[in-house]
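Atom set for the values below is all heavy atoms of this structure, side chains included, hydrogens, waters and symmetry mates excluded.
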Amino acid sequence: MLEAGTMLLFCAVLFASVALGWSIIPALFVGVLLFMGYGLVRRCSLRAMASRAAGSVRSAGTVVVAFVLIGVLTSLWRASGTIAFIVAHSTAVIHAATVIPLSFLLCSAMSVLVGSSFASAATMGTICMSLGLSMQANPVMLGGAILAGVYVGDRCSPVSTSALLVKQLTHTNLFNTIARMLRTGAVPFVLSCVVYVAAAVVEWLCASGGSGFGAASAAATAGSAGSARAAVSTNASSITDIGGLFSSAFDLHWLTLVPALLVIVLALLRVDVRLLMLASIAASVAVCVGVQHMEWAELLLLIFGYHAQNPQVAALLDGGGILSMLTVMATVCISSAYAGIFAETRMLARLQQVIEMLGHRIGACGATMITATCAAALACNQTLTIMLTHQLCGGLYGDDESERSAQAIDLEDSAVVIAPLIPWSIAGAVPLATINAPTLSLAAATFLYLLPLSRMLASAVRRRSGFRTRHRSQNQNPGLAIPHRPKPMLHMFAHGFHPKSGD
């Protein structure tokens, strides 16, 4: 089958790019050529495919602007001392007996504020890993707690690129979706806390009993964990005094917290996310000039990222800026072009039909979870996983607001958190490499798999309950006609980045 061969060739290019450590952008451009080549073989017009692809890319303009603002915001938060203030005061509460659950909670809080798993892992995650290993914590559990934590906010922060992408794809209200995410994520979050507290208690009991069950023994049994501990612990002593380190580089005045507080307050007031970010950017500029005494010329350079003069501070805080968002912006734009090409060539029509049939058997939520898992294994990154899952599962949902909201929450609870669980995906590999945690830590990132599992279980219970209700109604009223929901029509890419037919 030509469709399968084209897709397998594209996946092979992606896998090779990830395996060799190259940027996936060239691989995505190769995908454009492959899919257009498929269309030409199917006798589709090159001009028509290019026109649909260009229209899809133009539709992505709104979310790209938001990504630019996020890049500027994260850079200014570093320069203003906002992140330094939060990290310095948060890590002061870490103790040996509670380091694993606190690492999960602190990384969750940081990711909610900055909206980025990578940035959270590079700051709070790195410090928690170093301090935890210096306290003889299990590196597998510690790495899992950090990885799970950095994706809590990556999923539901108002300044998260994945949340904004899902909003744009499904045309839903961001804050309504966040409210639903808080509800669906509450039980998995609490259960994850219980797991990490239990792990901390077990480690404390074993350590007090003299069994030697600490980081060293765990690393020995885990294989690669030993090298992780050695790599990180060499830096533990150099950053133990986080407050002193950051105080030497920043004035940690309470005003440095204002940009973060603005995000929280304006998000609660449901202010448009772009205005929210602009307000926080303005406050960050004021703090940079008034508190950190930076020159205006220095601020202009921050759009390209923050770079600290102190090497130790630089290792923790460097980054941000528009340049840091180029990869995700390019991924969104190129993937948007895919949507237009697929719509013109109908390349994924058969696969969408299979997914629709699966949805009728196990429900839209279950079908989305399975599709997201397969897409994550093939796409090797979170952004493309979200877009592929949305495109493939479009026919499972209707066009009304409630159906779009249902798809948005299903995407957030599947594609966003499943992608980092794939060992070869950069969504999980990059944060683990940043904190030098073993790959086995994926198994300890409990929140990332408890969330989709709980959603699938809840969906199965609802479907079973609904079946029993219909069956009981039929038995009590044999002559009553039970309305049957018609099978949804096949929509190539409902609510995606592409113009409607005939535009």
Side-chain angles (χ1 to χ4, degrees), residues 7-28 30-31 107 111 115-122 125 140 143-155 160-163 165-166 169 224 228 324-332 334-335 338 368-393 410-453:
M7 190 58 69
L8 286 175
L9 185 56
F10 171 61
C11 293
V13 173
L14 272 180
F15 273 116
S17 180
V18 173
L20 295 173
W22 297 344
S23 169
I24 66 168
I25 302 304
L28 294 177
V30 171
C107 288
S111 63
S116 169
S117 56
F118 288 7
S120 301
V140 173
I146 293 170
L147 180 65
V150 300
Y151 273 98
V152 169
D154 190 276
R155 167 179 171 265
S160 165
T161 55
S162 62
L165 178 59
V166 171
L169 287 169
S224 61
S324 69
M325 303 301 296
L326 288 181
T327 297
V328 67
M329 287 190 291
T331 302
V332 168
I334 300 172
S335 301
Y338 289 175
T368 300
M369 299 290 172
I370 293 174
T371 303
T373 303
C374 297
L378 296 175
C380 304
N381 75 93
Q382 186 194 60
T383 303
L384 189 54
T385 297
I386 294 171
M387 300 192 74
L388 283 175
T389 305
H390 170 261
Q391 293 167 0
L392 291 171
C393 297
D410 286 348
L411 285 172
E412 293 284 4
D413 293 347
S414 60
V416 174
V417 296
I418 289 175
L421 289 175
I422 305 300
W424 53 86
S425 172
I426 61 175
V430 170
L432 289 181
T434 300
I435 63 175
N436 284 308
T439 304
L440 193 59
S441 295
L442 292 173
T446 55
F447 180 79
L448 299 184
Y449 52 82
L450 285 178
L451 178 58
L453 287 176

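- The shortest non-hydrogen separation linking I146 to G125 is CD1-O, 3.5 Å.
- Considering CG of L411 and CZ of R155, their distance stands at 12.0 Å, rounded to 0.5 Å.
- When side chains are defined from C-beta on, L28 counts as touching L384, because their heavy atoms get closer than 4.5 Å.
- By the 4.5 Å heavy-atom criterion applied to side chains, M369 and D413 are counted as neighbours.
- For E412, there are no side chain to side chain donor-acceptor pair (under 3.5 Å) partners at least two apart in sequence or on another chain.
- Listed for the S120 side chain is no donor-acceptor partner under 3.5 Å among the backbone atoms of S117.
- Counting only residues at least two apart or on different chains, the side-chain hydrogen bond (donor to acceptor under 3.5 Å, both in side chains) pairs with a member in residues 373-389 are D154-Q382.
- Taken to the nearest 0.5 Å, the CZ atom of F118 stands 9.5 Å off from the OG1 atom of T327.
- Take T446 and apply the side-chain contact (heavy atoms from CB on, under 4.5 Å) test, not counting sequence neighbours, and it matches S192, V195, Y196, Y449, L450.
- Side chain of S111 to backbone of S116: no donor-acceptor contact under 3.5 angstrom is found.
- At least one side-chain heavy atom of T371 sits under 4.5 Å from a side-chain heavy atom of C393.
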Per-pair distances, 0.1 Å, donor-acceptor, side chain in residues 9-25, under 3.5 Å, sequence neighbours excluded:
from : atom 1 : to  : atom 2 : distance (Å)
S17  : OG     : S23 : O      : 2.9
S23  : OG     : I25 : N      : 3.2

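- Note: L392 CG to I370 CD1 = 13.0 Å, rounded to the nearest 0.5 Å.
- G143 and A437 get closest at one heavy-atom pair: CA-CB, 3.9 Å.
- Two residues are said to be in side-chain contact when any heavy atoms from C-beta on lie closer than 4.5 Å; V166 and H390 fail this criterion.
- When all heavy atoms are compared, the tightest approach of A148 to F447 is CB-CB, 4.0 Å.
- Take T368 and apply the side chain to side chain donor-acceptor pair (under 3.5 Å) test, not counting sequence neighbours, and it matches Y397.
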Distance-only donor-acceptor hits, side chain of residues 416-433, under 3.5 Å, sequence neighbours excluded:
from : atom 1 : to   : atom 2 : distance (Å)
W424 : NE1    : A377 : O      : 2.8
S425 : OG     : C380 : O      : 3.2
S425 : OG     : A419 : O      : 3.3
S425 : OG     : A427 : N      : 3.2

Could you walk me through whether M387 and T331 pass the side-chain contact (heavy atoms from CB on, under 4.5 Å) test, one step at a time?
-> CA-CA 10 Å; M387 300 192 74; T331 302; 5.9 Å; no
